[in-house]
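The figures here come from the full heavy-atom set of this structure, side chains too, leaving out hydrogens, waters and symmetry mates. On a predicted model such as this, the values are computed, not experimentally measured, just so you know.
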Amino acid sequence: MSTTESPLTASDPTTGRAAQETLEDYTLRFAPRSYRRWSPAVVATTALGGIAYLADFSIGAGIGLAHGTGNALIAIAVAAVVIFITGFPLAYYGARYNIDLDLITRGSGFGYYGSVLTSVIFASFTFIFFALEGSIMAQGLELGLGLPLWLGYLVSTLMVIPLVIYGMKALSKLQVWTTPVWLVLMVAPLVYLVAHDPGTVDRFLSYAGTDGDGDGGVNTASVLLGAGVCLSLIAQIGEQIDYLRFMPPKTQENRRGWWAAVVMAGPGWVVLGALKQAIGVFLAVYILAEVGPDAAPEPIQQFRSAFDAMLPSWVVVPLAVVLVVISQIKINVTNAYSGSLAWTNSFTRVTRHYPGRLVFVLVNLGFALALMEADMFSFLNDILGFYSNCAIAWVVTVATDIGVNKYVLKLSPLRPEFRRGMLHAVNPVGVVAFVAASGLSIALYFHALGDTLQPYSPVAAAVIAFVLTPLMAIVTRGRYYLRRPDDGIGEALLDPDGNPSALTLDCHVCHEPYERPDLAACRTHDAVVCSLCLSTDKVGDHVLPARPSDA
């Protein structure tokens with residue numbers, strides 16, 4: 001693609017720079033076929049590399065120590081099922097139409113500006129989990145190198161910046177080469193402990209927790225509270241889609257590999273995530289007597305003890321630190337990358353000005369560093385339990401719109417739309433469902449409706465979103481999905497296989513070539529305009545009218 005800058009008309013004068021910067025990461029738009037040269041296997045490996053985080057071990061440990069092994073395992077399984085079911089339609093749309101979750105959300109019930117709400121939710125997810133992983137790395141650096149925690153927080157934040165700047169190309173190489181090392185370091189100690197001390201399994205399974213059950217039996221409230229914490233990870237599908245949008249076109253020749261990659265790297269991430277949470281419970285119970293309940297949820301302590309059982313003492317701490325550092329880098333480059341995309345997307349739509357993605361890399365990292373310095377690790381479950389209500393409401397709303405409103409009720413257009421001018425500013429279908437579901441579930445979480453109902457807040461978020469999304473589509477009769485029926489370009493949007501067309505046309509504003517799905521006809525010129533220039537058009541000179549007859 002060319003990167004020649006040209007004078008602009010009614011658009012933001014930074015659009016030329018935006019065009020250049022987004023050629024690598026496609027911050028605000030569709031990922032073109034000319035860029036998507038990776039095989040399904042490479043894309044899947046890159047996407048799965050991003051879930052090497054150690055937060056799962058802490059999350060599982062926290063739930064298990066509080067509620068007991070039985071309740072924890074059921075909670076983990078319940079959350080995994082919900083995450084898999086809701087993640088599948090989102091992953092399919094991201095891979096099939098090569099757009100990220102924000103662009104999917106726009107056309108799946110929220111509207112062009114309505115999805116800014118969920119972009120902020122997703123950006124919050126990325127810096128919350130960046131802070132969690134950074135805290136874990138700082139704990140490792142303190143144990144291994146004696147660095148004070150505040151300095152470890154700073155190191156874990158600054159070290160990812162060079163990698164994040166270069167987008168998908170750098171991230172794919174990092175994830176592919178580090179994944180085998182990470183797998184060996186994570187799995188080996190677990191296999192050794194189970195093989196050489198079978199009694200650890202019995203102690204793990206019989207652990208009753210500290211929340212008052214005592215008998216180790218299954219308790220519904222404990223299961224739901226644990227599942228609520230696990231469900232805070234439901235927004236992880238957004239980071240998976242940030243990679244899956246670079247999938248190659250689906251054809252008859254590659255369909256099996258294509259589907260396998262989408263399922264494994266899309267909703268399938270939660271299978272490994274659930275296993276890590278269960279392992280976290282196991283390791284926490286294993287080291288509980290040695291380190292106490294405060295340190296048992298820390299992955300660095302878990303793996304230090306596990307390595308100590310199988311290796312010479314001189315190699316234990318260095319190896320545990322290596323595992324923590326590799327894991328932190330693998331996930332936090334993804335957190336910083338995806339968060340910068342979400343912030344940039346929201347800011348550009350609201351202000352119609354593109355400041356550059358690097359600005360929001362630094363903004364996201366600033367939020368994460370503030371959380372780390374505030375010792376968020378000590379109140380981890382409270383943060384995640386609250387956050388999960390918003391994340392569940394969002395993801396269930398979008399998944400329901402795709403699964404029910406598009407394919408069952410046929411009130412939502414099957415092909416996702418994301419371009420300015422093609423969508424209404426706000427679609428009440430998704431916005432009302434999301435606000436109602438998240439608002440009521442947060443009220444439940446903070447005991448507004450009594451202590452008895454408090455554990456049911458994640459259930460309320462999911463059920464209300466699932467019911468209200470199709471109900472609002474029926475009430476509005478689907479009128480608020482599309483602002484106009486066509487984009488004014490005669491050439492087909494999709495190729496014969498149903499993939500986005502590879503036809504290339506020049507945007508008359510920035511004079512860059514773009515593929516057909518990224519363009520719309522210009523309102524004032526006999527030409528086409530890219531979605532990026534439409535986003536930064538301050539006066540609406542290029543934005544198509546609501547109906548062709550209004551032109």
Side-chain angles (χ1 to χ4, degrees), residues 1-2 4 6 8-12 15-16 18-19 22-23 26-36 93-94 96-100 102-104 106-108 111-113 115 245 249-250 345 348-349 352 354 406 412-425 427 478 480-551:
M1 289 187 180
S2 166
T4 304
S6 303
L8 307 178
T9 56
S11 293
D12 189 321
T15 304
T22 57
L23 294 183
Y26 300 94
T27 311
L28 305 168
R29 56 193 183 85
F30 158 82
R33 188 180 303 197
S34 59
Y35 182 75
R36 294 182 276 115
Y93 263 59
R96 181 64 161 161
Y97 296 104
N98 311 111
I99 53 179
D100 66 18
D102 174 70
L103 271 59
I104 295 171
R106 293 184 197 180
S108 296
Y112 184 76
Y113 292 109
S115 69
R245 65 196 176 115
K250 176 177 170 286
N345 220 320
T348 302
R349 263 179 297 161
R352 297 173 191 170
Y354 181 86
K406 291 184 187 297
S412 177
L414 281 181
R415 181 184 56 77
E417 181 57 75
F418 63 90
R419 293 163 294 177
R420 182 182 174 195
M422 298 298 297
L423 294 167
H424 286 280
N427 186 341
Y480 296 96
Y481 283 97
L482 293 179
R483 181 171 171 266
R484 53 178 291 122
D486 68 87
D487 59 13
I489 301 177
E491 290 82 357
L493 197 64
L494 305 177
D495 68 15
D497 290 321
N499 297 299
S501 170
L503 174 70
T504 299
L505 301 169
D506 288 343
C507 170
H508 90 94
V509 177
C510 65
H511 302 281
E512 299 283 350
Y514 295 92
E515 291 182 10
R516 168 68 179 86
D518 213 24
L519 297 157
C522 178
R523 177 172 189 154
T524 53
H525 301 80
D526 183 19
V528 296
V529 185
C530 71
S531 62
L532 182 59
C533 289
L534 287 172
S535 296
T536 56
D537 183 354
K538 290 188 180 294
V539 298
D541 234 16
H542 308 301
V543 180
L544 289 170
R547 296 179 301 277
S549 59
D550 295 337

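- Remark: S531 OG to Y514 OH distance equals 7.5 Å, nearest 0.5 Å.
- R106 has its side chain out of reach of P416: every pair of non-hydrogen atoms, C-beta onward, lies at least 4.5 Å apart.
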Could you go step by step and tell me if D537 and R420 meet the side chain to side chain contact (heavy atoms under 4.5 Å, CB included) rule?
CA-CA 10 Å; D537 183 354; R420 182 182 174 195; 3.6 Å; yes
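- Checking side-chain atoms of R484 against main-chain N and O of P545 turns up a donor-acceptor pair under 3.5 Å.
- Closest non-hydrogen pair, K406 versus S412, comes out as NZ-OG, 2.9 Å.
- Rounded to the nearest 0.5 Å, atoms SG (C533) and NE2 (H511) are 9.0 Å apart.
- Nearest heavy-atom pair across L493 and D487 is CD1-OD2, 4.2 Å.
- The shortest non-hydrogen separation linking F30 to I99 is CA-CG2, 4.1 Å.
- The aromatic rings of H542 and H508 sit perpendicular, their planes meeting at an angle over 60°, well past the 30° parallel limit.
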Residue pair R523, V543: steps toward the side chain to side chain contact (heavy atoms under 4.5 Å, CB included) verdict
CA-CA 6 Å; R523 177 172 189 154; V543 180; 5.8 Å; no
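- Across E515 and R33, no two heavy atoms sit closer than the pair OE1-N, 2.8 Å.
- By the side-chain hydrogen bond (donor to acceptor under 3.5 Å, both in side chains) test, N499 pairs with R96, sequence neighbours left out.
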Does Y481 form a side chain to side chain contact (heavy atoms under 4.5 Å, CB included) with M422? I'd like the steps, not just the answer.
CA-CA 9 Å; Y481 283 97; M422 298 298 297; over 6 Å; no
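- For Y112, the ring-ring contact (aromatic ring centres under 6.0 Å, His included) criterion is met by no residue, not counting sequence neighbours.
- Summarising the geometry, atom CD belonging to E417 is positioned 4.0 Å from atom CZ belonging to R419; distances are rounded to the nearest 0.5 Å.
- No more than 12 heavy atoms of other residues, nucleotides or ligands shown are found within 6.0 angstrom of CG on D526.
- Partner of S115 under the side-chain hydrogen bond (donor to acceptor under 3.5 Å, both in side chains) criterion, out of N345, D102, N427: D102 alone.
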